[in-house]
Amino acid sequence: MNEARAEVGIIGGSGLYELAELENAETVRVETPFGSPSDDLVVGRICGRPVAFVPRHGRGHRLSPTEIPVQANIYALKALGARQIISISAVGSLREEYGPGSLVVPDQIVDWTKSGRPKSFFGDGIVVHASVADPYCGRLREELMAAAYSATDATVHDSGTYICIEGPQFSTRAESELYRLLKLDIIGMTAVPEAKLAREAELCYSALALVTDYDCWRSGEEAVDADLVTAVMARNADAAKRTIVRLIEKLPADSECECQTALAHAIITDRAAVPPIVRERLDLLIGRYLTG
Ligand SMILES: CSC[C@H]1O[C@H](OP(=O)(O)O)[C@H](O)[C@@H]1O
Ligand SMILES: Nc1ncnc2[nH]cnc12
C-alpha cells in the first residue's frame, strides 16, 4: 500500500482537470483492487497540508459519467491517506433562485441512475448496509460553506437536493418539469455512487456544486448543452479553487467525525464466514472490523 501522502482528496469535475494550486506537485499512479482510477492522481501541498487530486472524467474528459471508475477513485484517495474528500461538480439548476454562477453545497441526493453503476465496495461473501440517510458530511459541509462565503463573491446556497441522472444525455423537458414538481434543486450525473462509496470508505465527503445552466425547463432560455457548461465552468472554476484553498487553510488538523466510524454497525455477515480472499481485498476499508 502507498504511504499516507494526503489528508484531503479533491475530485475535479467537468472543467476542473488540474489543480495548479498544488505546490510540489507529483504525479502518482495508483492501482487498486477495484481497478485503475480515472487518471493518474496528483499529490502536493496547499497551505502546507498534503492534498491529492483526481479528475473524475480523466484529463481530456474521456470518461462518461457511467464509465467513471468511482470505486477505484475513492479507494485510491483513501490509500493515499485522505480522510476527507471535496467533490467539485457542474450542475444544472431546477430552481429560479439557483442561478448560473452560483454555488451550492448540497445536503441531499436522489439517485435516478439506471445502468447499474457499481454502488458498493462489498458483496461476494460480505454484506454491509451503510447508512446514507445524510449522504454528505455535515461537519465538512459547514467548513466548505464558510470557505465559499469568505473566499468568493458568488451567491452560495447552503442546501439543495441533487438528483443524479444516468446521462450521458441531458434531460427531456418533461423530465426536467417532473424533477421540479418533485421539488429537487440541482441536477447532475456524478454524485452517485461517489457519495455512497465515500461513506462506505468511512471518509468525510462534501460537494461544491457550480450551477452552469437552467437545464431545459425555463422558458426563454436555450436548453443546456456541453459547450454552455464548459463556458460557464471556465468563468467560475476560479471560485471553486479559491474555496478549496480557503477550506484547506482553515480545516482543523484533527477533525474527528462520525463518518470515520460509519461502518461500526453496518456489517451484518458473520465474520467467520467472510472468505479470506474478500478479507484481503477489503483490508484497507474494513480490516479493523474483521479481526477477532
Ligand atoms: C459537461 S456537462 C455534463 C457533465 O457535467 C457534470 O459533471 P461533473 O459532475 O463531473 O462536473 C455532469 O454530472 C455531467 O457529467
Ligand atoms: N442540466 C444538467 N443536467 C445534468 N448534468 C449537468 N451538469 C451540468 N448541467 C447539467
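Just so it is clear, the model here is predicted, and its values are computed rather than measured.
Both L208 and L94 are assigned to one and the same hydrophobic cluster, defined by single-linkage of ILVMFWY side chains at heavy-atom distances under 4.5 Å.
In D225, the CG atom is crowded: over 12 heavy atoms of neighbouring residues, nucleotides or ligands sit closer than 6.0 Å.
Proximity of Y214 to P100: side-chain heavy atoms (C-beta onward) are separated by under 4.5 Å at one or more points. Side-chain contact between I11 and E194 is present, with heavy atoms from C-beta onward closer than 4.5 Å.
Between R242 and E21, none of the side-chain N atoms (NZ, or NE/NH1/NH2) sits under 4.0 Å from a carboxylate O, so this pair counts as no salt bridge. A salt bridge is absent between R139 and E258: the closest approach of a Lys/Arg side-chain nitrogen to an acidic carboxylate oxygen does not fall below 4.0 angstrom. Between R180 and D215 there is no salt bridge, since no side-chain N of the basic residue sits under 4.0 Å from a carboxylate O of the acidic one.
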* To do: Please lay out, stage by stage, how R246 and E249 fare under the test salt bridge (Lys or Arg N to Asp or Glu O under 4.0 Å).
  => CA-CA 5 Å; R246 182 64 51 88; E249 184 188 2; 3.4 Å; yes
* Hey, mind stepping through S120 and E200 against side-chain hydrogen bond (donor to acceptor under 3.5 Å, both in side chains) and telling me if it holds? -> CA-CA 7 Å; S120 176; E200 283 195 346; 2.8 Å; yes
* Might you work through the side-chain hydrogen bond (donor to acceptor under 3.5 Å, both in side chains) test for S159 and D107, ending with a clear yes or no? => CA-CA 5 Å; S159 63; D107 60 339; 4.7 Å; no
* Step by step, work out the side chain to side chain contact (heavy atoms under 4.5 Å, CB included) result for I126 and I286. => CA-CA 11 Å; I126 183 160; I286 51 167; 3.6 Å; yes
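Using modelled atom types and a 3.5 Å distance limit, the side chains of S150 and K250 yield no donor-acceptor pair. At a cut-off of 3.5 Å, with distance as the only test, a side-chain donor of R56 or S87 sits close to an acceptor on the other residue. Judged purely by distance below 3.5 Å, without hydrogens or angles, the side chains of D40 and T27 never pair a donor atom with an acceptor atom.
The backbone N or O of V28 sits nowhere less than 3.5 Å from a side-chain atom of R5 that would complete a donor-acceptor pair.
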